[in-house]
Amino acid sequence: MPSQRKWKRVLIERGIEIILLLAALSSVLTTFGIMEILIVESYNFFLKVAELRNTTPISFFLGEFLNEREWSPLFEGGKFGILPLLTGTLVTTGVAIAFAIPIGTIISIYLSEFASSRTREIVKPILELLAGIPSVVFGYFALTAISPALQAILLAVQKYFMPDLGEFEYFLLPGFNMLSAGLAIGIAIIPLISSISEDAMRSVPLQMREGSYATGATRLQTALRVVLPASFSGVIAAYILGISRAIGETMIVAIAAGLQPNYTWNPLESAATVSAYIVQVSLGDIPHGSIEYDTIFIAGLSLVSMTLILNIIGYFLSKRFREVY
């Protein structure tokens, strides 16, 4: 009897191990499947355009694709320069992280080091509720609330500091602009950054805080000079996740930033991002297998490549500054 129970327990444990292994492999195989589709379809896109341009795929990639400042594949004789979509993505992401990282870090420091248990129990669910709001709601919030507010602020600044200029064009913010879209994305990723950063800071041993207090440091000095550096790897991971979410954001930029690909680094102008272009093409009547349809795959591959580079950077930074307690 004991031998039978032993073998039964071994079989159950082996079965659980196999199930867990299959669950882990499923995510890996799904990732490889997505990458395989993007790479194959993108290669077919390069072959078709190279044949159309009477050149080689490598020449097209290094020439028009990476250097052309016009993206208009949906029109006859279209251009295939990816730069307008990349600049739109980078500008909106830059605005988002410039807004979200300071605020998210301040919130995480407050919740970890200064807030009482009751305050933390109230604020944390509110942040998690904010993270659950659909992105389409943030998009319309940016279009109907943030953009009008920014227009009013810029107009007030102009009238106060430069009243003799009239309606100066630089201060006329269009309804669709990357600034309001970036701010809305920043609001959306604040809960992600603050929650992960706060968890990293709370994992710092209490003895480190007590040692800092014993030397005469204040709570603020302890938070900034002891806790924050000790949890730097976790905070960096939160930043990378927030930036990745901002890069891949779709509905906010599609609604608030516009769908016209413009090569510009000015956040006060409208522009399309990579994800917004994918939405635009996916909703149209583009025939399957055409060059226009294949552009969504090269756009998706560009987006995945940007996220992959960020994750690699985040991995090495986390490994470099990781503290083991």
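None of the values given here were measured: they were computed from a predicted structure.
Side-chain atoms of Gln151 come within 3.5 Å of backbone N or O of Leu173 as a donor-acceptor pair. Side-chain atoms of Asp199 do not come within 3.5 Å of backbone N or O of Ile196 as any donor-acceptor pair. Between the side chain of Ser147 and the backbone N or O of Gly175 there is at least one donor-acceptor pair closer than 3.5 Å. A donor-acceptor pair under 3.5 Å is absent between the side-chain atoms of Ser231 and the main chain of Gly234, judged by distance alone. Using modelled atom types, one side-chain atom of Gln221 and one backbone atom of Thr218 make a donor-acceptor pair closer than 3.5 Å. Between the Arg69 side chain and the Tyr263 main chain, no donor and acceptor come within less than 3.5 Å of each other. Ser197 places no side-chain N or O within donor-acceptor distance of the main-chain N or O of Ser194, the cut-off being under 3.5 Å. A donor-acceptor pair under 3.5 Å is formed between the side chain of Asn266 and the backbone N or O of Leu268.
Using a 4.5 Å heavy-atom threshold, the side chains of Leu66 and Leu83 count as separate. Considering only heavy atoms from C-beta on, Pro73 stays 4.5 Å or farther from Phe45 through its side chain. In this structure, the side chains of Arg209 and Glu113 come closer than 4.5 Å at one or more pairs of heavy atoms. For the pair Ile255/Phe176, no side-chain contact is recorded, criterion being any heavy-atom separation below 4.5 Å from C-beta on. For the pair Ile187/Phe141, a side-chain contact is recorded, criterion being any heavy-atom separation below 4.5 Å from C-beta on. A 4.5 Å side-chain heavy-atom check between Leu85 and Thr273 finds every atom pair outside the cut-off. You'll find the side chain of Asn262 stays beyond 4.5 Å of the side chain of Pro84, heavy atoms only.
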Show the numbers, then the answer: is there a side-chain contact (heavy atoms from CB on, under 4.5 Å) between Met201 and Ile109?
-> CA-CA 8 Å; Met201 292 177 187; Ile109 292 175; 3.6 Å; yes
Intermediate values then yes/no, side-chain contact (heavy atoms from CB on, under 4.5 Å), Leu127 and Ser195 | CA-CA 8 Å; Leu127 287 174; Ser195 179; over 6 Å; no
Using the ring-ring contact (aromatic ring centres under 6.0 Å, His included) rule, take Phe61 and Phe46 through it: C-alpha gap first, then chi angles, then the decisive distance, then the call.
-> CA-CA 7 Å; Phe61 175 77; Phe46 283 120; 5.6 Å; yes
Go through Phe138 and Ile185 one step at a time and tell me if the side-chain contact (heavy atoms from CB on, under 4.5 Å) criterion holds.
-> CA-CA 8 Å; Phe138 282 109; Ile185 296 173; over 6 Å; no
Take Ile298 and Ile82 through the side-chain contact (heavy atoms from CB on, under 4.5 Å) test and state the conclusion after the steps.
-> CA-CA 9 Å; Ile298 187 61; Ile82 196 67; 5.5 Å; no
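Exactly one residue among Ser135, Ser180, Ser275 makes a side-chain contact (heavy atoms from CB on, under 4.5 Å) with Ile252. That residue is Ser135.
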List, one per line, each side-chain donor-acceptor pair under 3.5 Å for residues 27-35, sequence neighbours excluded.
residue : atom : partner : partner atom : Å
Ser27   : OG   : Ala24   : O            : 2.8
Thr30   : OG1  : Ser26   : O            : 2.6
Thr31   : OG1  : Ser27   : O            : 2.9

For residues 210-217, which side-chain donor-acceptor pairs fall under 3.5 Å, sequence neighbours excluded?
residue : atom : partner : partner atom : Å
Ser212  : OG   : Thr222  : OG1          : 2.8
Thr215  : OG1  : Ser212  : O            : 2.6

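Listed by chain and number, the residues in a side-chain hydrogen bond (donor to acceptor under 3.5 Å, both in side chains) with Thr119 are Ser116 (sequence neighbours excluded). Arg202 meets the salt bridge (Lys or Arg N to Asp or Glu O under 4.0 Å) test with Glu198; sequence neighbours excluded. In this structure, Glu41 has no salt bridge (Lys or Arg N to Asp or Glu O under 4.0 Å) partners at least two apart in sequence or on a different chain. Residues satisfying the side-chain hydrogen bond (donor to acceptor under 3.5 Å, both in side chains) test with Ser117, not counting sequence neighbours, are none.
The minimum heavy-atom distance between Val204 and Val227, with the atom names listed, is CG2-O, 3.9 Å. Met178 and Ala271 make their closest contact through SD-CB, 3.6 Å (heavy atoms, listed as atom of the first residue, atom of the second, distance). The heavy-atom pair separating Ser244 from Asn311 by the smallest distance is OG-OD1, 3.8 Å. Contact between Val91 and Thr264 at its shortest, heavy atoms only, is CG2-O, 4.0 Å. When all heavy atoms are compared, the tightest approach of Leu183 to Leu150 is CD1-CD1, 4.1 Å. Residues Arg120 and Pro125 share a closest heavy-atom pair of O-CD, 4.0 Å.
The side chain to side chain donor-acceptor pair (under 3.5 Å) analysis of residues 80-108, with sequence neighbours excluded, yields the pairs Thr105-Tyr239. For residues 136-145, no pair satisfies side chain to side chain donor-acceptor pair (under 3.5 Å), with sequence neighbours left out. Applying the side chain to side chain donor-acceptor pair (under 3.5 Å) test to residues at least two apart or on different chains, the pairs with a partner in residues 48-57 are Lys48-Asp294, Arg53-Glu64, Thr56-Ser59. Within the structure, salt bridge (charged side-chain N to carboxylate O under 4.0 Å, His left out) pairs that include any residue of residues 227-254 comprise Arg245-Glu249 (at least two apart or interchain). Applying the ring-ring contact (aromatic ring centres under 6.0 Å, His included) rule to pairs touching residues 98-125 yields nothing, sequence neighbours excluded.
Through direct or indirect side-chain contacts shorter than 4.5 Å among Ile, Leu, Val, Met, Phe, Trp and Tyr, Leu47 is connected to Tyr43.
Residue Leu22 qualifies as enclosed at atom CG: its count of foreign heavy atoms under 6.0 Å is above 12.
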